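In what follows, residues are counted from 1 in the order of the sequence shown. Everything numeric here is computed off the predicted structure, so don't read it as measured data.
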Amino acid sequence: MWKHFVAEYFSFSKKERTGVTVLIILILMLIAFPFFYPLFTKPKTYDHTKFEKEIALLKTRDADTTADFANKRYDPKKYQQYSSTNQKNYYSGQPEGELFYFDPNKASAAEWKKLGVRDKTITTIQKYLSKGGKFYKPADIGKIWGLHPNEVERLLPYVQIATIPSANYAEKKTPEQPLFTRAKYSLTIIDVNDADTTALIALPGIGSKLSQRILNFRDKLGGFYKIEQVGETFGLPDSTFQKIKPQLKIGSNGLKQININTASVDELKSHPYIRYPLANAIIQYRGQHGNFATVADIKKIMLITEDVFNKVAPYLKVN
């Protein structure tokens, strides 16, 4: 039986044998292809002459640049621009000019020129003086922009400044009225229980919509008993509330209260702090136990926690 099964399993038809033979030949050709591929390709030859010439040219330029920089760096007469010293504080040239005693507050452009000061620096000095500037002591000339330290050292012994009557080197001026007086603003305080839309719109960040929402919320509550309740208004950002809070106050107007012994479910549930579940519980408890003797009796209802009671109690009464 096994021999018959094996013989039948490994027996092939003529087409199957042909297909297997072709497949084996293709596999052998693919395996051998990498070994024979170099025989059919012509290796490329590279000319390194041009590359070597470029390298030699770069080396020549580098050598020339280095030598040129060295010459420029160390030639103090021609190439002072390579010095790293700050231009304002360094001036290698020797100032030329005649030295004589002078008052920098009164010296003319011609006198500065005679002292050997450059034209650009003279212009700077004259602009400083024309705008009300003063030299109060000889060392002040060292503050002139463009006057180098060696020039200051050269001129300093010849500076003679006339006495300027000022203790702190500043001109005394007669008291003058300020150019403008800063306006003093006082916050407008409004009673949130008595305000209308016009008063509310005057507050920062409150427009017509928000003002109307505040009034609607106030009417549904029956009035505010503390400022923080205004912040509960729908759509009022906390940032805006914090901004207007200092301008709000609670007036003497009394709150509108609901009599819990006579009110209906609809009347109770219309209040924002009560709603239907609490209103229904109050009515059910009243029906089972009779009228409430005090407002505090509603705390006997399981739905009313201490926080709920403190929030809603100001709006309730028993007679």
Side-chain angles (χ1 to χ4, degrees), residues 61-189 202-205 239 242-247:
R61 289 179 180 175
D62 185 57
D64 292 344
T65 303
T66 304
D68 187 45
F69 174 76
N71 292 335
K72 291 179 180 179
R73 177 66 179 178
Y74 296 106
D75 187 347
K77 295 181 179 179
K78 295 182 180 180
Y79 301 103
Q80 289 180 3
Q81 66 269 29
Y82 286 93
S83 173
S84 60
T85 307
N86 186 280
Q87 183 64 23
K88 178 182 181 300
N89 298 322
Y90 178 78
Y91 179 65
S92 61
Q94 292 298 324
E96 297 180 1
E98 180 183 345
L99 291 173
F100 55 88
Y101 293 101
F102 68 98
D103 185 343
N105 289 317
K106 300 178 180 179
S108 64
E111 289 175 318
W112 284 107
K113 184 71 174 179
K114 189 176 180 181
L115 288 167
V117 179
R118 291 176 299 283
D119 293 338
K120 189 174 182 179
T121 306
I122 294 172
T123 302
T124 301
I125 296 170
Q126 291 181 324
K127 285 183 179 180
Y128 172 71
L129 294 173
S130 66
K131 293 181 179 180
K134 296 288 184 182
F135 297 97
Y136 297 100
K137 58 183 184 293
D140 285 349
I141 68 170
K143 299 177 182 179
I144 300 173
W145 179 262
L147 197 62
H148 300 283
N150 57 340
E151 294 178 293
V152 174
E153 185 179 355
R154 171 176 168 268
L155 297 175
L156 201 57
Y158 296 90
V159 177
Q160 292 183 340
I161 298 176
T163 304
I164 298 177
S166 176
N168 297 317
Y169 298 111
E171 293 184 351
K172 293 183 178 179
K173 297 180 180 180
T174 57
E176 296 179 358
Q177 293 295 328
L179 296 179
F180 65 94
T181 303
R182 185 180 296 276
K184 295 182 179 179
Y185 298 97
S186 58
L187 293 177
T188 302
I189 308 300
L203 296 172
S239 58
Q242 296 300 330
K243 188 183 298 183
I244 67 173
K245 186 177 177 181
Q247 296 180 245

* Asked: Take atom CZ in Phe100; do more than 12 heavy atoms of anything else shown fall under 6.0 Å from it?
  -> yes
Straight-line distance of [X] [atom1] to [Y] [atom2], nearest 0.5 Å:
{"X": "Gln160", "Y": "Asn105", "atom1": "CD", "atom2": "CG", "result": "13.0 Å"}
{"X": "Ile161", "Y": "Ile141", "atom1": "CD1", "atom2": "CD1", "result": "8.0 Å"}
{"X": "Tyr158", "Y": "Glu98", "atom1": "OH", "atom2": "CD", "result": "10.5 Å"}

* To do: Report the C-alpha distance between Asp103 and Phe135 in whole Å, list the side-chain angles of each, state the deciding distance to 0.1 Å, and finish with yes or no for side-chain contact (heavy atoms from CB on, under 4.5 Å).
  => CA-CA 9 Å; Asp103 185 343; Phe135 297 97; 6.0 Å; no
* To do: List for me each residue that meets salt bridge (Lys or Arg N to Asp or Glu O under 4.0 Å) alongside Lys243, sequence neighbours excluded, and say none if there are none.
  => none
Where is the tightest heavy-atom contact between [X] and [Y], given as atom of each residue plus distance?
{"X": "Gln126", "Y": "Ala109", "value": "NE2-CB, 3.0 Å"}
{"X": "Ile122", "Y": "Lys113", "value": "CD1-N, 3.6 Å"}
{"X": "Ala162", "Y": "Lys106", "value": "CB-NZ, 4.1 Å"}

* Would a distance-only check, ignoring hydrogens and angles, find a side-chain to backbone donor-acceptor pair under 3.5 Å from Glu111 to Ser108? -> yes
* Asked: Can you tell me if Gln247 uses its side chain to pair, donor with acceptor, with the backbone of Thr188 under 3.5 Å?
  -> yes
* **Residue pair Ile144, Val117: steps toward the side-chain contact (heavy atoms from CB on, under 4.5 Å) verdict** => CA-CA 11 Å; Ile144 300 173; Val117 179; over 6 Å; no
* To do: If the plane angle is over 60° it's perpendicular, under 30° parallel, otherwise tilted; pick one for Phe102 and Trp112.
  => perpendicular
* **Sub-4.5 Å side-chain heavy-atom contact between Lys143 and Asp140** => yes
* Asked: Is any side-chain heavy atom of Pro104 closer than 4.5 Å to a side-chain heavy atom of Val159?
  -> yes
